[in-house]
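Residue numbers begin at 1 in each chain, while the letters A, B, ... track the order of the sequences.
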Amino acid sequence: MKTKELDKIYNPKAVEEKWSKYCLEKELFKADADSKKPPFSMVIPPPNVTGSLHMGHALNNTLQDILARYKRMRGFDVLWVPGTDHAGIATQNVVEKKLHAEGVDRHKLGRSKFIERVWKWKEESGGAIIHQLKRLGASCDWSREQFTMSPELSRAVVEVFVRLYEEGLIYRDERLINWCPRCLTALSDIEVEHEEVLGKLYYIRYRLADVLTSQPLNLSTSIIEYLTVATTRPETMLGDTAVAVHPQDERYNKFIGKEVLLPLTSRRIPVIGDSILVDLEFGTGAVKITPAHDFNDFEAGNRHGLKRIAIFNERAHIKPDIPDVDPEVIKEILDLHAHKARERVIHILKEKGFLTKVEDHKHAIGKCYRCKTVIEPYLSPQWYVKVKPLSDEAMKAVEHGRTKIVPQGWENTYFEWMRNIKDWCISRQIWWGHQIPAWYCIKCNKNEIYEVHGEKNFTAKARPVVSRTEPKTCPTCGGKEIVRDNDVLDTWFSSALWPFSTLGWPDRTKELSRYYPTSALITGFDIIFFWVARMMMVGLKFMNDVPFRDVYIHALVRDAEGQKMSKSKGNVIDPLVIMDKYGTDAFRFTLSAMAAQGRDIKLAEERIEGYRNFCNKIWNLARFTLMNIQESGVRSQKSEVEYSLADKWILTRLNAAVREVTVALETYRFNDAANSIYQFIWHELCDWYVELIKGDLRGENGEERKKTAQYILVKVLKDSLKLLHPMMPFITEEIWDVLPIEEGARGKGQWAGGKSIMQQPFPKASEDYPDAEKEMNSLMEAIKAIRNIRSEMNIAPSATIEAICYSADATVRALLTSEERYIKTLAKVSDLKISAPADRPENAAVAIAGSVEIFVPLKGLINFYEEEKRLARDLEKVMKDLEGVQRKLSDENFLARAPKEVVEKDKIRVEELLQKKAKLEEGLERIKRIKSGNQAH
RNA sequence: GGGCGGAUAGCUCAGUUGGGAGAGCGCAGCCCUUACAAGGCUGAGGUCACAGGUUCAAUCCCUGUUCCGCCUACCA
């Protein structure tokens, strides 16, 4: 059989396509609910069905996949549930945009036709992200792909809704809510993004009703004829129904109970005292109250029984029927959007002398998190979840450690939000989503009906019938005319059920009992509130147990400058482009290596390039290995008697890597795992071990030695690939496929006689050889010292040299002697002398490595000036270290109080440094002597 | 306004029980040495933001200051 030659450079594309296809066809990612193995389960944070893979997804799913693959190799039956959510608003926007291009709108189409269109869109173009996740290598159980709008999951949604309603945890009420005038729907509090802007504070005078008003307004008058209010939203004054002052404010409290004339209207509104709303220090100390358009004013209105006058329609345009407003004014602003109306109102107020002052003012405005439109507080009937009883349980679960949040710092964020939680507005005025299972009897609610777009809507006073199935008749009056509530549920409502609805709930499935609670949830901090907190609440409520044991919160991916990536900034890095350019493995490894806990990831392409190089390094390691083993494969080897020092050393270092990677993955320290494996493969296995055994592999040290070296090389490579596999699934699979399985057998592709690397057990640390490790370290030090001399003395890399090693330590001499071939090979030494300290050669560069004094005779080639500089530099460094340690050791307090191991260590160190110092000084002396001798000639 | 996090090599960042400061990239020098130039060898570079405190010992713990981020909040 011919040895398979690998290409000189790793080509990810073909490899990824091949294995991706193969693993999917063979269904290697499937969980087995009947398995005897212990379960490990995760649910994917479902991406929007409209979405395409961005950096956040890539990081999130890479980390999940690393865990999934690791746990699989550790012998777990891994279930990783994939799927998408229906993304109510976003999806509806997409389809509406398409309709718009066709010249249709959804109202013309009608609700059911529209929903059909959305489903059609979903089938055709939805879920592109699923393919992209597969491309990323995500080893989800694709046979269990879920969708929040599927009939099964919809059933769970209805069930949860009805039960919560029956328990009084869901109710309907009319109050101010956050309204997006573009999406035309209510939003929950957390769907509003606050943004600080520099706005204006407008001062407007409201004339007191009971003061003589016959004379023209005189701005310089000292008699108080008016109250001046300050506002950021002058246009809402048309909806004012009171002015508030602080009851303790001596400037104004005499006006409480009086009335003012609202400018631009014929409305008289009361002056009221309210200590909650009014801050004495701010503005003028007098506040206009617009209960229908401001959350604080709404509350104040409730406290004082004020009327609510809405001045905007659902698109935040001025309504025609605002009571009391001057018709001239209405004519000017009718149907203007709020911000246009503001300009007009200010203009009119100014003209009429009501506007007294305008100043800059920083304040926050709310924007729709989907479309960035400025949100408008809007009065309407909505459905709410009463969350306090649920959040109490959810807090306890984390307090008691039933769910662990990693890194722990995020617990504060979680608790903080849970403590201040407000009822959750769950109804949305859109069509795509789970329609609320509530119906209204026309007869019973005939006074509560109002029409919007020809649809019947019901006020908060209407009495709904909430039911799992559509009622045929009204349970109260038997009436047959029944209308369903138009609203749909917040998409996050269905996401909250994801960890159990995807496992078959409300049925008591095998999966549910086996995989719930899930083992871990991996997600970004930006959806702790949206998703994690709500899953906790709902999971505890309906499953009586937490939805997951661990929550690992990872960072956000930013660009190299630390900016959040966004399309508008144009700084997005497309993961698909990156994967094309550098390969998926390199990309995944980069994300893993940069996923340090508690810090955002600044992604720079150079970093990815570096790990692409690492892939190539691994590839060439494999290539080298294949070139150096028997075509018949490698013998199996159990006995360690034939292990060389290098063999024992690399096995020991491998063990260290195995331990580090294992601990790191168990504790979600993905960057540590990546760095350990990188360090090991590149800087220990490739840089040292491979170089050390090249002679062995060439047969220079006998056939036995050759076979053993081959065996160890293959073993270490295979274990390295296994360690690496969770992070780099493709390249490891490809190499695994061509490596020898056992004695006499080689990989022939597609695991002839073997299995996929993902089905292999994760490496376990075997026997350590601590002595070999120490000895190897001494040798490496000596080799590095000689290399240093070579470089500093400008000896051509191709030239061989002579070296003399003196050591007073017989053990060390024995080591150097028995392993001299390593020094000769790696330091390119042709003539190596090892002995007890004797006469120091004169024309030689010198270096100290541990107890070994190394001389490189340079017969006239030596640059004394350079050598002196080099030695002086080394000496200086040693002196500095020595000084530090000696100072410590001369401190009685240190000797008395520090642990004796620490003191002992420092004492040994001083000894070593003193020795080194003496030798360097000697060397320096010699150089100086020679130099002066040379000069004398 | 409240809360959280960060400040370590030119850049991006590690540094978990306080005990000789690390990596990657970049930079400089020398090398196409038959696994790999997407490579090898060598090297330069840090008062660990600042000021105090605790300790025999502080990059690490405590306090304060400065400068950055982020989250959160109804001061009109």
Side-chain angles (χ1 to χ4, degrees), chain A residues 6 8-10 190 194 201-202 229-233 236 244 276-279 281-290 294-300 361 363-364 377 409-410 412-413 416-417 420 525-526 528-529 556 558 560 562 564 582 586 590 593-594 596-604 606-607 609-628 667 669 671-672 675 678-679 683 686-687 690-691 694 784 787-792 794-798 826-828 881 884-885 888 891-899 901-903 905-906 909 913:
Chain A
L6 297 183
K8 208 168 164 181
I9 287 178
Y10 174 57
I190 52 178
H194 294 275
L201 194 58
Y202 302 89
V229 300
T231 179
T232 54
R233 300 201 60 188
T236 64
I276 298 174
L277 184 67
V278 182
D279 175 357
E281 308 295 317
F282 190 86
T284 61
V287 189
K288 65 192 264 317
I289 301 185
T290 324
D294 181 280
F295 292 104
N296 293 318
D297 294 4
F298 180 79
E299 298 297 327
H361 178 62
H363 65 119
W410 290 108
N412 282 335
T413 308
E416 180 65 14
W417 189 71
N420 301 318
F525 63 80
D526 48 333
I528 292 178
F529 306 144
L556 231 58
R558 298 170 180 280
K564 205 166 169 172
Y582 300 102
T590 308
M594 299 187 79
Q597 291 185 1
R599 206 195 272 246
D600 284 345
I601 296 176
K602 291 188 198 167
L603 191 65
E606 302 86 74
R607 199 67 192 265
E609 195 183 336
Y611 289 120
R612 188 267 319 258
N613 297 352
F614 181 45
C615 290
N616 199 48
K617 190 76 182 175
I618 296 161
W619 185 253
N620 276 285
L621 171 64
R623 187 160 167 262
F624 173 82
T625 303
L626 287 173
M627 288 165 70
N628 281 285
T667 52
R669 303 186 67 96
N671 60 318
D672 287 351
N675 290 331
Y678 181 95
Q679 201 61 27
H683 296 306
C686 291
D687 286 354
V690 165
E691 298 303 325
K694 275 182 175 169
K784 280 192 267 192
R787 282 173 171 177
N788 177 268
I789 290 175
R790 295 184 62 113
S791 177
E792 298 281 322
N794 286 320
I795 298 166
S798 52
L826 270 65
K828 279 223 154 189
D881 288 354
V885 191
K888 262 165 87 178
D891 184 340
E892 281 177 29
N893 276 324
F894 173 71
L895 296 174
R897 305 200 192 195
E901 308 88 69
V902 174
V903 177
K905 217 171 115 187
D906 279 349
R909 184 135 189 273
L913 287 170

Sugar-phosphate only, base, or nothing, as touched by [X] at under 4.0 Å among non-hydrogen atoms:
{"X": "A/T231", "value": "sugar-phosphate"}
{"X": "A/K784", "value": "sugar-phosphate"}
{"X": "A/C615", "value": "nothing"}
{"X": "A/V278", "value": "base"}
{"X": "A/N675", "value": "nothing"}
{"X": "A/V690", "value": "base"}
{"X": "A/D672", "value": "base"}
{"X": "A/F282", "value": "base"}
{"X": "A/L277", "value": "base"}

Nearest-neighbour nucleotide for the [X] side chain, [options] considered:
{"X": "A/E792", "options": "B/rA14, B/rA76, B/rG43", "value": "B/rG43"}
{"X": "A/N788", "options": "B/rC74, B/rC36, B/rG43", "value": "B/rG43"}
{"X": "A/D687", "options": "B/rA35, B/rC41, B/rG19", "value": "B/rC41"}
{"X": "A/H194", "options": "B/rC36, B/rC75, B/rA73", "value": "B/rA73"}
{"X": "A/A364", "options": "B/rA73, B/rU72, B/rA38", "value": "B/rA73"}
{"X": "A/A898", "options": "B/rG19, B/rA35, B/rC30", "value": "B/rG19"}
{"X": "A/H363", "options": "B/rA76, B/rC56, B/rU42", "value": "B/rA76"}
{"X": "A/R607", "options": "B/rU42, B/rC74, B/rG24", "value": "B/rG24"}
{"X": "A/D279", "options": "B/rA38, B/rC25, B/rA76", "value": "B/rA76"}
{"X": "A/Q679", "options": "B/rA23, B/rC56, B/rA38", "value": "B/rA23"}

Residue whose nearest RNA chain B nucleotide is more 5′ - A/N628 or A/D891: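 With A/D891 and A/N628 compared, the 5'-side residue is A/N628.
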First encountered from the 5' end of RNA chain B, between A/Y611 and A/A230: A/Y611
Verify the contact: side-chain N or O of [X] to OP1 or OP2 of [N], cut-off strictly under 4.0 Å; return yes or no.
{"X": "A/N613", "N": "B/rG39", "answer": "yes"}
{"X": "A/K8", "N": "B/rC36", "answer": "yes"}
{"X": "A/H683", "N": "B/rG24", "answer": "yes"}
{"X": "A/K694", "N": "B/rU33", "answer": "no"}
{"X": "A/R787", "N": "B/rU42", "answer": "yes"}

Worked check of side-chain contact (heavy atoms from CB on, under 4.5 Å) between A/W619 and A/I9: CA-CA 7 Å; A/W619 185 253; A/I9 287 178; 5.8 Å; no
Separation between the [atom1] atoms of [N] and [M], rounded to whole Å:
{"N": "B/rG26", "M": "B/rG69", "atom1": "P", "result": "28 Å"}
{"N": "B/rG43", "M": "B/rA49", "atom1": "P", "result": "27 Å"}
{"N": "B/rG24", "M": "B/rC32", "atom1": "C1'", "result": "25 Å"}
{"N": "B/rA76", "M": "B/rG1", "atom1": "C1'", "result": "15 Å"}
{"N": "B/rG10", "M": "B/rU47", "atom1": "P", "result": "8 Å"}
{"N": "B/rA7", "M": "B/rC50", "atom1": "P", "result": "13 Å"}
{"N": "B/rG3", "M": "B/rG39", "atom1": "P", "result": "49 Å"}
{"N": "B/rC30", "M": "B/rU17", "atom1": "P", "result": "43 Å"}

Residues A/T590, A/M594; criterion side-chain contact (heavy atoms from CB on, under 4.5 Å); working and verdict: CA-CA 6 Å; A/T590 308; A/M594 299 187 79; 3.8 Å; yes
Plane angle bin for A/Y678 and A/F614 - parallel if under 30°, tilted between 30 and 60°, otherwise perpendicular: tilted
Name the pairing partner of [N], where a pair is Watson-Crick or G-U wobble with both distances under 3.5 Å, or state none.
{"N": "B/rG1", "answer": "B/rU72"}
{"N": "B/rA7", "answer": "B/rU66"}
{"N": "B/rG43", "answer": "B/rC27"}
{"N": "B/rG18", "answer": "none"}
{"N": "B/rA38", "answer": "none"}
{"N": "B/rC48", "answer": "none"}

Heavy-atom closest pair, residues A/K694 and A/F624: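 Residues A/K694 and A/F624, closest heavy atoms: CE-CE1, 3.7 Å.
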Ring-ring centroid check A/H361 A/F282, cutoff 6.0 Å: yes
Aromatic ring proximity, centroids under 6.0 angstrom, A/Y582 and A/Y611: no
Side-chain touch A/V690/A/L621, heavy atoms, less than 4.5 angstrom: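 Yes, side chains in contact.
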Interatomic distance, A/K288 NZ vs B/rA76 P [rounded to whole Å]: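 To the nearest whole Å, that distance equals 12 Å.
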Length of the CG-C1' vector between A/N616 and B/rG40, whole Å: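 Nearest whole value for this atom pair: 14 Å.
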A/E901 atom CD: more than 12 heavy-atom contacts under 6.0 Å: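 Correct, the count exceeds 12.
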Derivation of the side chain to side chain donor-acceptor pair (under 3.5 Å) call for A/E416 and A/N420: CA-CA 6 Å; A/E416 180 65 14; A/N420 301 318; 3.2 Å; yes
